[in-house]
Amino acid sequence: MTQAVSSTLLPPAFYQHEAVVEISRALLGKFIVTNFANRYTAGMIVETEAYAGPQDKAAHSYGNRRTLRTSTLFMGGGITYIYVCYGIHHLMNVVTGPPEMPHGVLIRGIEPVEGVDIMLARRQLPYLQHRLTAGPGSLTQALGISRVHNGFALTGNSPIWIEDRKIVIPSRCIMQSPRVGVGYAQEHQYRPWRFRIKNNSWTSPAK
DNA sequence: ACTAGGATGGTCT
DNA sequence: GACCATCCTAGTA
């Protein structure tokens with residue numbers, strides 16, 4: 001397993017401010033790392049979506065809606081928000097904003113970087129292919145993440161964290177478009193808050 | 001490449 | 001009981 005030479009843990013200050021759309025864009029090119037039972041896996045974030053809490057009809061926390069499920073979103077930036085979608089898929093958000101500001105960024109695609117053999121086994125795939133980590137339900141399975149990791153810190157002392165490995169994604173290499181699967185959000189479904197690294201094959205299908 | 005349809009269960013009304 | 005921030009397979013091309 002290779003350890004990156006120049007990598008730093010993203011600090012709480014990266015997450016704990018209100019500009020969730022900017023954080024969503026800034027997470028492109030950062031690395032999600034998990035280490036469960038000494039099984040080390042990592043991938044570069046290539047696709048995200050911003051969900052701007054109280055003012056966003058697409059967000060679970062729209063109108064400051066606080067339930068058992070959404071309570072994690074109110075706990076302050078720098079932790080995970082993970083929930084089960086369609087009874088099968090575990091989707092991971094990065095919680096952002098100060099405490100009581102329930103913003104989140106959905107991680108929709110990563111490019112596998114370390115522990116590819118472990119990821120393939122978790123996904124029950126015979127060889128490296130696009131669907132290993134393209135799509136929000138696929139990447140969590142590859143990384144070994146499920147709803148039991150809801151509310152985990154991303155900023156240290158945790159089996160899940162996000163690193164800055166000093167990769168810069170120029171804005172000309174970022175595609176911005178409407179979010180996926182949020183038709184229920186009425187007029188807010190068209191907000192262009194989905195971000196992708198252009199020409200990267202590890203994103204979920206274009207729309 | 002694309003499309004249609006089924007699987008599946010947590011969450012909230 | 002309805003609604004999902006989805007993925008897989010099987011079909012056609």
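As the structure is a computational prediction, the values presented were derived from the model and not from experiment. Throughout, protein chains are lettered first and strands after them, A, B, ... in sequence-line order, and every chain is numbered starting at 1.
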* Asked: Just how far, in rounded Å, is C1' of C/dT6 from CD1 of A/Ile107?
  -> 16 Å
* Asked: Taking CG from A/Leu106 and P from C/dT6, how many angstroms apart are they, rounded to a whole number?
  -> 7 Å
* Taking the side chain from A/Glu47 and the backbone from A/Thr203, do they hold a donor-acceptor pair closer than 3.5 Å? -> no
* To do: Grab the stems for DNA chain B, please: at least three consecutive Watson-Crick or wobble pairs, both distances below 3.5 Å, written as range with range.
  => B:1-7 with C:6-12, B:9-12 with C:1-4
* Is there a path of hydrophobic side-chain contacts, each under 4.5 Å between heavy atoms of I, L, V, M, F, W or Y residues, that connects A/Leu106 with A/Phe14? -> no
* **Euclidean distance, atom CG of residue A/Leu91 to atom C1' of C/dA5 [Å, nearest integer]** => 6 Å
* Asked: Does A/Phe195 belong to the same Ile/Leu/Val/Met/Phe/Trp/Tyr cluster as A/Met175, with side-chain heavy atoms less than 4.5 Å apart forming each link?
  -> no
* Which letters describe nucleotides 4-13 of chain B, given B = protein heavy atom under 4.0 Å from base, S = only from sugar-phosphate, - = neither? -> ---BBBSSSS
* Rounded to the Å, how far apart are A/Met92 CE and C/dT6 C1'? -> 17 Å
* C/dA5 C1' sits how many Å from A/His188 NE2, rounded? -> 16 Å
* Asked: Once you round it to whole Å, what is the distance between P of C/dC8 and CG of A/Leu139?
  -> 12 Å
* **A/Thr140 (side chain) donor-acceptor with A/His90 (main chain) under 3.5 angstrom** => yes
* Asked: Can you list the other members of the hydrophobic cluster that holds A/Tyr127, where links are side-chain heavy atoms under 4.5 angstrom apart?
  -> none
* **All ring pair (Phe, Tyr, Trp, His ring centres under 6.0 Å) counterparts of A/Tyr83, not counting sequence neighbours** => A/His60, A/Tyr81
* Asked: Within the distance-only criterion (no hydrogens, no angle test), does the side chain of A/Glu111 pair as donor or acceptor with the backbone N or O of A/Met44 below 3.5 angstrom?
  -> no
* Verify the cluster assignment for A/Ile110 and A/Ile145: are they in a single hydrophobic cluster under the rule of side-chain heavy atoms below 4.5 Å apart? => yes
* To do: Determine the sole option in A/Leu10, A/Ile79, A/Val94, A/Val33 for which the side chain to side chain contact (heavy atoms under 4.5 Å, CB included) test with A/Leu154 is passed.
  => A/Val94
* To do: Examine C/dT6: is either OP1 or OP2 under 4.0 Å from a nitrogen or oxygen in the side chain of A/Arg108? Give yes or no.
  => yes
Which pairs of donor and acceptor atoms, one on a side chain in residues 48-55 of chain A, lie under 3.5 Å apart (sequence neighbours left out)?
unit_1, atom_1, unit_2, atom_2, d
A/Thr48, OG1, A/Ser24, O, 2.9
A/Thr48, OG1, A/Ser24, OG, 2.9
A/Glu49, OE1, A/Tyr51, OH, 2.7
A/Glu49, OE2, A/Val180, N, 2.9

* Under 3.5 Å donor-acceptor, A/Arg123 side chain and A/Arg131 backbone -> yes
* Whole angstrom value for the distance that separates C1' of C/dC4 from NE2 of A/His60 -> 8 Å
Produce the list of close N/O pairs, under 3.5 Å, pairing protein atoms with atoms of nucleotides 9-11 of chain C; give distances to one decimal.
unit_1, atom_1, unit_2, atom_2, d
C/dT9, OP2, A/Arg131, NH1, 2.9

